[in-house]
Amino acid sequence: MSRYNPREAEPKWQAAWAERDSFRAGGPKAQNGKPKYYVLEMFPYPSGRIHVGHSRNYTMGDVIARYKRARGFDVLHPMGWDAFGLPAENAARDRGVHPGKWTHDNIDAMRGQLQRLGLALDWSREFATCDPSYYKHQQAIFLKFFEKDLVYRKTAKVNWDPVDQTVLANEQVIDGRGWRSGALVVQRQLDQWFFKITAYADELTDALDTLDRWPEKVRVMQANWIGRSRGATVRFPLTETEIADEFGPTIDVFTTRPDTLFGASFLALAPDHPIVRKIAEDNPEVDVFMRECARMGTTAEDIEKAPKRGVDLGITVRHPFDPSWELPVWSANFVLSSYGTGAIFGSPAGDQRDLDFARKYELAVNPVVLPAGEDAASYTVEDEAYTGPGTIINSRFLDGLDTETALQRAISELESLKLGEGSTSYRLRDWLVSRQRYWGCPIPIIHCDTCGVVPVPADQLPIVLPEDITFDQPSNPLERHPTWKHTDCPSCGKPARRETDTLDTFVCSSWYFLRFTSPWSEDKPFDAAEAEHWLPVDQYVGGIEHAILHLLYARFFTRALNDTDLLNMASGEPFAGLFTQGMVTHETFKSGDGRWLSPEEVERKHDSAVEIATGKPVTIGGIEKMSKSKKNVVDLDAFVEDFGADAARWFVLSDSPPERDVEYTDSGVEGVWRFIQRLWTVVISLPEDAPGPLSVATSAEGDALALRKTAHKTLKGVTEAIEGFRFNSAVAQIHDLVNALRKAEGGGAGMVEARAETLGILARLISPFIPHLAEECWHRLGGDGLVIDAPWPEVDLGLLVETDLVLPVQVNGKRRGEISVAKDLDQESVKQIAISEEGVARSLEGLTIRKVIVVPGRIVNIVAG
RNA sequence: GCGGGCGUGGCGGAAUGGUAGACGCAACAGACUUAAAAUCUGUCGAUUGAAAGAUCGUGCCGGUUCGAGUCCGGCCGCCCGCACCA
């Protein structure tokens, strides 16, 4: 019996699809009468080669794309390259190859790999973000944002990555370390470009509720990251005229609990607050404190270990509700300059930090919130602050109110006194987009000594990166380039300097999905009509690691673009459906001297392993995400050469639910290989003269009818599994159907016809998953054209209605037997049959039947005692 | 500390409140073979039993229900995110 040979079949079918241009989307205006469906996987950074781990993401998107295509949608499923970034510069430094060449070589290699995976992609829309034809438009978008005040330049304390030699956005600092380099980030005061993402903080938070096809987890993470808090700004008048003259008459604080204002016993300012710096000039104690805090680590551990500390600044403020009540002003190490106003009022009874601080420095602790069930006369706060709701006490005009009412009352009082108002604070900061690197999109700005910051006129775009650069020094090559930055001011014509910072590569990925809708557009970043037709992306597939970074930036970008004349999208949300897939993991191996070893370098035995080259024992490490750094990757081309693209696709979808990790094992791959061969065997064992794959075996009975029922049940189940992103369940059901076919190879009335119909359904069911084998089967079964052009099979609902039922029978909730009854049999008869069933009757011996529950078509439960 | 998720065979995992363990992997036994690989057939939660069967079993304790892996309450454990955010 001949075996299926993917090495021959796969290129053949890939060529057939390419020849027919099968996966080209719509066309301008998409006047083909079909509904649109935009499916997109997060586009790759061209780092070198694709491994089996990467392929899972693309395979899942491809299943959806092929399935939707079969269901009659006009599917847009494009691919491109997130091609700017630091690894290209590192390669240039280490190997002397130009970043552009390195990037394009990688793209060529990876494109070939994706094509050999048989993805249903519209390659006519491919682009790389490092192409001037792409970043030209990004520069134009930057200028649009500049016009709209959505981009600005300011001097700020920013995160500096000393290894990558560039600044990073807040989102790109994880536990105090750079997201790429892992280096401890240091704070530096620098002049940088920012996108005004905070202008959309409310919208970005509110709209999360509309994203009902996003994972709850991602929505929660974004909401936390934006960190909206509603409360009040309170202005405390300064008693010190000298400070007031310089910094204004009041110290402003943000609070979520204005209802506890009568519990205030001090104010605390961040150690780097301007007033603290001023006082430090003449107060050595404050100066020392300020410097010590500046040296404090910023990692999670450092912060956790650091005890509350502070210093009395020797100035006072007046309580807003009582001008005769003066509060001392301190500086405290737990107050952050980056949040709110960098100042707080301490209300120790209602905040654990304030309480710890007050106890340490012997400041007053006045309870103002009485928890339910406590007595006002005896209630005290010792070492644990009470932060919950209750009744207000010791608070003059707020006494007796509940906390919520008191909060509103306090705000209106502040407003009438003009010493505060209701306000909202956010954790989110503006997006720092400058990078001191070469391989990125140049910022289209010119600095002129006379005119200041001048945007490059739109007709002078693109500002193209120079080719002749060197990487022999760590700093920005654009800054060092002898001529590139020198130009004339577009405004006054005098000599001026170009901006030498480039844009964060996350800017490139914030609008690429728009560019895919009309990559041919030359005068505009994208054709608005095309973008508005295709957007939002119906199904986006990518890694959870972008839960905040890319997914928040892209949501900001579509909104900001909507506020320019470039786009007018209905919702502002770029991605209607999001799926975050799990990783492919693999065992790791380490040699005795600590080198990571790839699976090919290791001979694996039962529970030990040796290095092939040296024969020395190898330490088997943990099961981890496939990554180049740990060398536990399986190269996609090698895999495809051995087992075929279909096997890779089937493997990454099998076993584990798509959102969870799946472990790569050799035995799992062997199982996939066996399945593919078994499937082929049931196809070729159908007689050559059997009916075609679109035939319907209406006359089937007995085993043949049973096979048809299984086929249609599987069809329904697999369809629902695809719709519900449960690919592992679809795989299991297809296994079942193949098993049923293997057992149905005997003859019998109508069996050949039933097998032909079932195989026709099977070929179409497997088409989204293992498309090459599906084509081969379709061809062998005598189907016309290609299986990808065949319609998705229709479920024959008549076959799913059982006429005879097997019902389990329980006695007191325990299964004691089963009965076979006609579907329409009345309940009374079902009861009688159930009671007299042998095993049931045995369990009922000596018991009195109290109740019989018949759930039609489901179960019978007899209650007896 | 706060927020989210998850605990089911040797392993990955299935189960609209209705026969727990589908499907796959591993393991074991057998067939084929000179032999091995490949392939095929069968067994495969625990205890007990010759067998039929019985009892127990979805992290632990309780509750709701005729019936709970699933719903509710309380614990325990693991994973992820955020973390002095006023």
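Here is how names work: the chains are called A, B, and so on, in the same order as the sequence lines, proteins then strands, and each is numbered from 1. Just so you know, these numbers come straight off a predicted model, no measurement behind them.
Within 4.0 Å (heavy atoms only), A:K308 reaches at least one base atom of the nucleic acid. Among the protein residues, A:S667 comes within range of the sugar-phosphate backbone only, with heavy atoms under 4.0 Å from sugar or phosphate atoms but none that close to a base. Looking at heavy-atom distances under 4.0 Å, A:N728 makes contact with sugar-phosphate atoms alone, never a base. Nucleic acid contact class of A:V855 (heavy atoms, under 4.0 Å, all strands): base. Using a 4.0 Å heavy-atom criterion, one finds that A:N812 contacts no nucleic acid atom at all. Contacts of A:T665 with the nucleic acid, taken as non-hydrogen atoms under 4.0 Å apart, are absent.
Shown here are the side-chain hydrogen bond (donor to acceptor under 3.5 Å, both in side chains) partners of A:S836, two or more places apart in sequence or in another chain: there are none.
As rounded to whole Å, 4 Å separates atom P of B:U55 from atom CZ of A:R816. The CG atom of A:D736 sits 5 Å away from the P atom of B:C23 (whole-angstrom rounding). Atom pair A:I544:CD1 and B:C6:P shows a separation of 14 Å (rounding to whole Å applied). Nucleotide B:G12 holds its P atom 14 Å from the CZ atom of A:F651, rounded to whole Å. If you measure from atom CG of A:D666 to atom C1' of B:G12, you get 16 Å, rounded to the nearest angstrom. The CZ atom of A:R228 sits 19 Å away from the P atom of B:G3 (whole-angstrom rounding). Rounded to whole angstrom, the span from the CG atom of A:L844 across to the P atom of B:C66 amounts to 18 Å. Put simply, CD on A:E587 is 13 Å from C1' on B:C11, counting in whole angstrom units.
A salt bridge links A:R235 to A:E421: at least one charged side-chain nitrogen sits closer than 4.0 Å to a carboxylate oxygen. The existence of a salt bridge linking A:R257 and A:D351 is excluded, since no basic side-chain nitrogen approaches an acidic carboxylate oxygen closer than 4.0 Å.
Within the shown strands, nothing qualifies as a pairing partner of B:A22 under the Watson-Crick or G-U definition with both distances less than 3.5 Å. Across every strand in view, B:C75 sits in a pair with B:G59 that passes the Watson-Crick or G-U test at under 3.5 angstrom. Across all strands shown, B:G69 remains unpaired; no Watson-Crick or G-U wobble contact has both distances below 3.5 Å. Nucleotide B:A37: unpaired (no Watson-Crick or G-U wobble partner with both distances less than 3.5 Å). The partner of B:G53 is B:U48, judged by Watson-Crick or G-U wobble contacts that both fall below 3.5 Å. Taking a pair to require two hydrogen-bonding distances under 3.5 Å in either a Watson-Crick or a G-U wobble arrangement, B:G1 pairs with B:C82.
Listed for the A:E587 side chain is no donor-acceptor partner under 3.5 Å among the backbone atoms of A:N632. No side-chain donor-acceptor contact under 3.5 Å links A:T387 to the backbone of A:G350.
Counting atom types as modelled, A:R858 pairs no side-chain N or O with a base atom of B:U19 as donor and acceptor under 3.5 Å.
Look at B:G42: its glycosidic torsion is beyond 90° from 0, and that puts it in the anti range.
Of the candidates A:V863, A:I859, A:I862, A:V863 is the only one forming a side-chain contact (heavy atoms from CB on, under 4.5 Å) with A:I853.
Aromatic ring centres of A:F266 and A:F357 lie closer together than 6.0 Å.
Contact annotation: the side chain of A:V840 never approaches that of A:I819 to less than 4.5 Å [non-hydrogen atoms, C-beta and beyond].
Separation of the P atoms belonging to B:U70 and B:G9 is 15 Å when rounded to the nearest angstrom.
For RNA chain B, the residues of residues 217-225 of chain A within the heavy-atom distance limit of 4.0 Å (strictly under) are A:K217, A:V220, A:M221, sorted by number.
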